[in-house]
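Some notes on the structure that comes next.
Values below: every heavy atom of this structure, side chains too, minus hydrogens, waters and symmetry copies.
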Amino acid sequence: MSAEKEKKDLAAESNSSEDNANLPPYNSNEEFYDDGVEVSKWTRMGITPDSFKRRTLADKHNQLNKTLKSRHLHMIAIGGSIGAGFFVGSGSALRTGGPASLLICFAIIGIMMFNVVYALGELALMFPVSGGFYTYSARFIDPSWGFAMGWNYVIQWAVVLPLELTVAGLTIGYWGPNVNIAVWITIFLIIIVLVNVFGVLGYAEEEFWVALLKLVTVIVFMFMGVIFACGGGSKSGQYGEYWGARLWYEPGAFNNGFLGFCGVFVTAAFAFSGTELVGLAAAETADPQKSLPGAVKQVFWRITLFYILGLFFVGLLVADNDPRLLGAGLSDSSASPFVIVSVNAGIPGFGDFINVVILFAVVSIGLSGVYGGSRTLTALAEQGYAPRIFKYVDRAGRPLWSTIAVILCGGIAYVALASSATEVFDWLQALSGLAALFTWGSICLSHIRFRSAWKHNGHTLDEIPFQAAFGVYGSWLGLILVVIVLIAQLYTAIAPLDVAAFFQAYLAFFVVILFYLFAVVWKRRSWIPISAIDVDSGRREIDWEIFEAEKVKRQSWPSWRRMLSKMF
């Protein structure tokens, strides 16, 4: 197949939706039109019968709402994925590798995520499509690999939802009410359904306030960490005298040798899952040219201030051999090192507050699962890679059937009532385990190939309004780090010399390969040569007047400020 024909086929595939060119456009301010008829505010809010009718907007590539504001996008970027993996899973990581491994591995994964999110920001601003991770892989790498990445991402979030519902139910158990966990699972599932009634705006408002709560909590904890490490705690607690870095000497900075280090590497990567959701949300933002770059830059602050500094104090104040960490994991919120610090300091009330935050955080991640899974499933359907029913977007901007499908997966949480619940959930976690790493690696590779195709088609970097901080080199670094983490996970999977343990740790790898081979056989499409990549169709219309004015302003800055502006 010639490169020119390949490019035409790809363009035809990406434009396979119905032609709605004669319909009036979406106005994200006050009015909304569908089929030439003004739609009421209550219909847009998703609470009238008309809300459930099919939407037919002029923008055939994106039928979703564009109502997200800058504050929503910024908080999704800076606090959206801080959840049980950070508040609770960090305890398991500390136990596995010690405080030095905890700090080093989170820093390395932070460097990886910095480059991943910047690469995604550049692609999302250039090509505003829903389900961006899947479509970028299909467009710039390989349609069959895009198919695998799309379904991989849907499965990741569809599995995360029941897991988070169960964790929410178990978190309530921290206070000891004698109520069956099924009751709490049902209550939290109803909450998730109610939030989704209001579509992306309901999700965004929830994320804004919960992310704000999480950030305030971490900031308060860091202030407490400084006080406790200096010996300013209550005399009734452990930190009433100078504490310092004693735990780095005894029991030690590292634990379990190289295997422990690799184990933390993997845990750190999983704790960052969901960071990429800012790229999905960009498709539902009114002015992404203005709001997306600022949101992407917030990731630096989250990585540095909240993950690195927060976990630095965790490593200072909690010993890696603390017996309360032996049960650490996403199913035991009382094992959170943040709770342990509060108990050690003689202020258990703060531990209660931390568990309230964990409760909000896990519900928030469950909502993120519905959001990310439904948008990706709709994008798959639009490209013919999923049943057509999932293309349906209603007048409230909700991908209706996709959202219902992902929410129904929450019913898997009820297996927590069975005697084999632990084994079932181990395998569910195995399915979602490596999914984020494949997504991040694909984003980096998509950016690398986009830049190559951009240059091949005679374009220059000056035509890209928002550029990744370290360009294509940053994406190469991100991709290399993803490969290193995959190797580390393979090492930890092989080390026990147990077949079941190996597949539980590496099952997602085989699932991705299976999806890829299926797509190759079905679509008979594979690797796209650089000359066949289409970098023009579906590209965002940029307001170059604003862009040039901002460019002139930046050029007047000193070199150090221009460098800092790429990160802050």
Sequence neighbours left out, what passes salt bridge (Lys or Arg N to Asp or Glu O under 4.0 Å) with E276? Give chain and number order. none
Scan side-chain atoms only and decide if S402 and Y392 contain a donor-acceptor pair under the 3.5 Å cut-off. no
Can you tell me how far apart CE (M149) and CD1 (I141) are? Round to the nearest 0.5 Å. 8.5 Å
So does W209 have more than 12 non-hydrogen atoms from other groups sitting under 6.0 Å from CH2? no
Is the gap between the ring centers of F127 and F140 under 6.0 Å? yes
Under 3.5 Å, is there a donor on one side chain and an acceptor on the other for S442 and Y134? no
Any donor and acceptor pair, going by atom type alone, linking the side chain of S342 with main-chain N or O of F350 inside 3.5 Å? no
Judged by atom type as modelled, is there a donor-acceptor pair below 3.5 Å linking the side chain of Y136 to the main-chain atoms of L123? yes
Could you tell me whether a side-chain N or O of S374 sits under 3.5 Å from a main-chain N or O of Y371, the two making a donor and an acceptor? yes
For the side chain of T378 and the backbone of F390, is there at least one donor-acceptor N/O pair under 3.5 Å apart? yes
F338 and F86: aromatic ring centres closer than 6.0 Å? yes
Quick one: list whatever passes salt bridge (Lys or Arg N to Asp or Glu O under 4.0 Å) with E206, sequence neighbours left out. none
